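Quick caveat, the model's predicted, so the values are computed rather than measured. Below, read A as the first sequence line, B as the second, and so on, with proteins coming before strands; counting in each chain starts at 1.
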Protein chains: 2
Amino acid sequence: MANDVNLVRHSAAHVMAEAVLHLYPGTKFGIGPAIDEGFYYDFLLPAPIANDDLPAIEKEMRRIISGGHAFERREVTKDEARKLFADQPFKLELIDELEDGTISVYEQDGFMDLCRGPHLQNTREIRPDCFKLKTVAGAYWRGDEKRPMLTRIYAYAFASKADLEAYLKMLEEAEKRDNRRLGKELDLFSVHEEAGPGLIYWHPKGGRFRVALENWWREEHYKNGYEILFTPHIGKSWLWETSGHLGFYKGNMYSPMKIDEDDYYIKPMNCPFHIMVYKNNVHSYRDLPLRWAELGTVYRYERSGTLHGLMRVRGFTQDDAHIFCTPDQIEGEIAEVLRFSLYMHKTLGFKDIKAYLATKPKGDGSVGDPERWAQATESLKKAIEKEGLAYEVDEGGGAFYGPKIDLKVRDAIGREWQLTTIQFDFNMSERFEIEYVDADGQRKRPYMVHRALLGSIERFFGVYLEHTAGAFPVWLSPEQVAVIPVGPDFVEYASQVAEELKKRNIRAKAVLSDERMNAKIRDAQGQKIPYMLVVGGKERDEKTVSIRFRDGRQENGVSLDSFIGKVLDRVATKSLEL
Amino acid sequence: MANDVNLVRHSAAHVMAEAVLHLYPGTKFGIGPAIDEGFYYDFLLPAPIANDDLPAIEKEMRRIISGGHAFERREVTKDEARKLFADQPFKLELIDELEDGTISVYEQDGFMDLCRGPHLQNTREIRPDCFKLKTVAGAYWRGDEKRPMLTRIYAYAFASKADLEAYLKMLEEAEKRDNRRLGKELDLFSVHEEAGPGLIYWHPKGGRFRVALENWWREEHYKNGYEILFTPHIGKSWLWETSGHLGFYKGNMYSPMKIDEDDYYIKPMNCPFHIMVYKNNVHSYRDLPLRWAELGTVYRYERSGTLHGLMRVRGFTQDDAHIFCTPDQIEGEIAEVLRFSLYMHKTLGFKDIKAYLATKPKGDGSVGDPERWAQATESLKKAIEKEGLAYEVDEGGGAFYGPKIDLKVRDAIGREWQLTTIQFDFNMSERFEIEYVDADGQRKRPYMVHRALLGSIERFFGVYLEHTAGAFPVWLSPEQVAVIPVGPDFVEYASQVAEELKKRNIRAKAVLSDERMNAKIRDAQGQKIPYMLVVGGKERDEKTVSIRFRDGRQENGVSLDSFIGKVLDRVATKSLEL
């Protein structure tokens, strides 16, 4: 049976600490927790070390492991602990902060550490090939820049060698798929630090992806009962005072621009604008539900150190919508949003989707009628259960203004990405006092739900790039067909074929440079073009057509018409197949 | 033969001044020029007057006209003139500023005015029914708020009664078509002063128009060899310093936002962003021309007094593009842009289109190689002539950075609106030092051309609303079909029909309220819905379908399939017919 991976990580951390002490006597120890992919440990070393020193530490760890030392637990009083760690100032600090009572310490091979446990029984249970030291980094003691800078050693650790290898392979794969790297290689987008970091410039090929995606998004939204709004990117301070953003969200907003005598803010969210449209007319219960969507570009402050390609940016286009409905409608509306989200994700090829439900925070910080909170949370739960989705509940983890569901999709190399959010808002509806006239003639407060299905177009593009490694389905491929003549005699024919394809609304180009055919095919494959159409033959007037697929397959002697039919079918059905 | 309208306007202004003097002795006279639709005259009156007083002035004017007084010209010296106008301080000021030499004065019916002329021969030549006093307004003497406030009387005046009536009818029609009025009546958009004037909120129905228009725009741009970019709405000061906007355009830009330690400006133009994308790669002459388009939303300062519905706003979406090409390509590219613009305008139903060519400013203020100016101007002229367009040349009227063509379209009630601009830019290309590698391996400066075909989506929407009075062609109509049951027995059938239409991608709605059929038809007509489909019959299971057209026509006993076919055809062909 495999070891519990957390026990392995925890125990290996102790072994690493022991190894470091052997190699660097006099080392003082900070903390050494298990983390998602392994563990780390913080040390105050007598001399600095670098990544080059890690192999020697790994070697010493393996030596200790092979010694077959037991992890022995002891319970001691605080005073005893103070004596045991008398020469470890960081441990003493931790001991002082522990509650009174007994404290557990673990010892292996004469090395003692303060630890809650549990641990493996014996160092031998750590497979010597299931961990790998990763990197040396600096970290302030307790994250406080006024305290000493310690040396942190990160390590990968898994229950088995196979798990470690799979993880390292995934990292290698992730590195190849990095959206910043593919963005350059495929000429999809750029970021220009000098003109402002975190702002995405979509190049022609990125633009083709985006136009195809957004066209589909708009079409599906119309089909699914949404209307599409367009609202300004800036709003006067009145709007943000009323919405409350200048109170609870100011840290994420940019400083105001002055127009005439007024302060204007660039929008971090679209909601106040949709509410202004809502308030423009009186709404009867007969008009509800209203489902109003917008591809609204918003700007939010992110620290420059956290910006990361398409994944974390300062300007992004939410595929946003707001739903205004009566209490009677809320359950149906939420179920419908969830169904629609799943339909969109599945069309895009995501199969493994999980829901995360965040409920009402404890205490008094939240706004809105408790009954509405209960009804809203119930509607979210029912919708998830109706779809038979796996889900986790984060009790009390909701925002102060309403409960929500997040949907995370698993990508081709196993990583989870949050895309969808379905979020109730009891705050904005109160602050703007939005109303509808019910059947009884009374003015009532509608439910208001925010939702973004893809999250943002920029981040989705990043996730999708990494998920597909740039090999988009045909309908989303910026270039669908590269027409390649077998040799210089067929340059004109290749052009004709490309024109013919373009007339049929296929994104085709003829590759007419002086390079050789095979180089052109390689290049087109590298550009992740789904189909390379090789045209020409041995005779000057031979018009043979063969398809080289992006995935390496080949089909010879096809008719142009049947090829066109295939491509158009793949596009029309949003097929994931070539 | 009709009188020269300018002589009529000029002469009528003198008659009005005489009439005012008769009614308000002691009046002092400012100036009284002919203007586009008539004339005005500024007076310092002994007592304030209002619009109510205008009929009496008109009556006195007609009395004077019928007197058959000759307009007599006299040439006098400056000194003589000073004596003649000794009790007219404003005239004396004007006389002092005139060059030395003789001054002409005109006299009719004992009333003398300082005037360059020419005039009609006799007051009788002014037809008593070809003018109409319009309104009383305040105007500072010489437009200077430190000088006295005078009373300005505006008047309409034309060569004939028919012309005046046509003009007044046009005004009345324009009033009905006012985009602000139709925007409310048809629930298309709103502006919210409290959240910022001059910013457009597109409602669901406005959004449907915009999505249909933009989809077509994108499709046509792709077909016509353009690529579509998406760029940020904000850029760091470096970008605007480099582009020069912080120098020559700062007055139209909003004040900066601070992000970290840097100043960011919301964009008033898209060009610097497109240039950043251009500069991201090295371009060979083989890659040119590049035609890069963007529906880019820009923000510019306009004084709040000048804001006007959709016509003059602070935020608008340019249907922008930038063309980068070699000198060899420029003539072809310009011809192509012009052809494309005309194709777009004609598809939208504009038939009467005129070009305005603005050439190099006199003096040293302009940038760029004189040869390039000459080639660019020549290419614009040739393109206009190739299309056989009527055009006017504004010699020296170009911007400092390049020559341009503007296209103006005439709307359904005869007004001209500028939509398209095709503008060379020798400034930006120099400032950002953009280059391509020519066949000889040398790095050279490409030509750069800005162009916007519709101008901005917001303003175009305004123009098109006023041109069509909200009766959009079927493909642009937010709602294409209203399905109306003949009575309550056919509510379900009406719903079925509407669903059937929606499945065929027709924007249909069933009108199922309790109102009577005729009220529903009237309402749908008022909403400018192209087709009202009246369904049902005398028997409970009668499924007769008849069409009421927006223009009042009616077609009974049609088949649903043939109706669907008709609508889909109108949409597919962008037909202007119902």
Which region of Asn215(A), side chain (C-beta onward) or backbone (N, CA, C, O), has a non-hydrogen atom less than 4.5 Å from a non-hydrogen atom of chain B, or is it both or neither? side chain
With only heavy atoms counted, which part of Pro272(A) is less than 4.5 Å from chain B, the side chain, the backbone, both or neither? neither
Give the minimum heavy-atom separation between Thr231(A) and Tyr201(B), together with the two atoms involved. CG2-CD2, 4.4 Å
What part of Glu214(A) is in contact with chain B, defined as an atom under 4.5 angstrom from a non-hydrogen atom: side chain, backbone, both or neither? side chain
Check whether Glu193(B) gets within reach of chain A through its side chain, its backbone, both or neither, counting any heavy atom under 4.5 Å. backbone
Quick check on Glu458(A) against chain B: is it the side chain, the backbone, both or neither that has a heavy atom closer than 4.5 Å? neither
Residue Leu199(A) versus chain B: region with a heavy atom under 4.5 Å: both
Max heavy-atom pairs within cutoff under 4.5 Å with chain B, candidates Ser190(A), Ser255(A), Gly207(A), Ser304(A), goes to Ser255(A)
If I measure from the heavy atoms of chain A, does Ile228(B) come under 4.5 Å with its side chain, its backbone, both, or neither? both
Between Val277(A), Ile259(A), Asp262(A), the one whose heavy-atom pairs under 4.5 Å with chain B are most numerous: Ile259(A)
Would you mind checking which part of Arg208(A) comes under 4.5 Å of any heavy atom in chain B, side chain (CB onward), backbone (N, CA, C, O), both or neither? both
CD/Glu227(A) to NZ/Lys205(B) distance, rounded to the nearest 0.5 angstrom? 10.0 Å
Between Tyr264(A) and chain B, with a heavy-atom cut-off of 4.5 Å, which part of the residue counts as in contact: side chain, backbone, both or neither? side chain
Pick one of side chain, backbone, both or neither for Leu290(A), based on which atoms fall under 4.5 Å of a heavy atom in chain B. neither
Which atoms of His233(A) come close to chain B, meaning under 4.5 Å heavy atom to heavy atom: side chain ones, backbone ones, both, or neither? both
Okay, Tyr301(A) and chain B: the region with an atom under 4.5 Å from a heavy atom over there is side chain
So which heavy atom on Lys236(A) is nearest to which on Pro197(B), and how close? NZ-CD, 4.3 Å
I'd like to check Glu194(B) versus Met276(A) (side-chain heavy atoms, cut-off strictly below 4.5 Å). Are they in contact? yes
Can you find a heavy atom in the side chain of Ile457(A) that is under 4.5 Å from one in the side chain of Phe230(B)? no
Side-chain contact, heavy-atom cut-off 4.5 Å: Asn505(A) with Tyr222(B)? no
Which heavy atom of Arg314(B) sits nearest to which heavy atom of Asp260(A), and what is that distance? NH2-OD2, 2.9 Å
Answer yes or no: is there a side-chain heavy-atom contact under 4.5 Å between Asn280(A) and His192(B)? yes
Would you mind reporting whether Ile200(B) and Pro232(A) have side-chain heavy atoms less than 4.5 Å apart? no
Option in Thr317(B), Val211(B), Thr242(B), Ile266(B) with maximal non-hydrogen atom pairs under 4.5 Å from chain A: Val211(B)
For chain B, the option from Phe273(A), Tyr299(A), Trp292(A) that forms the most heavy-atom pairs under 4.5 Å: Tyr299(A)
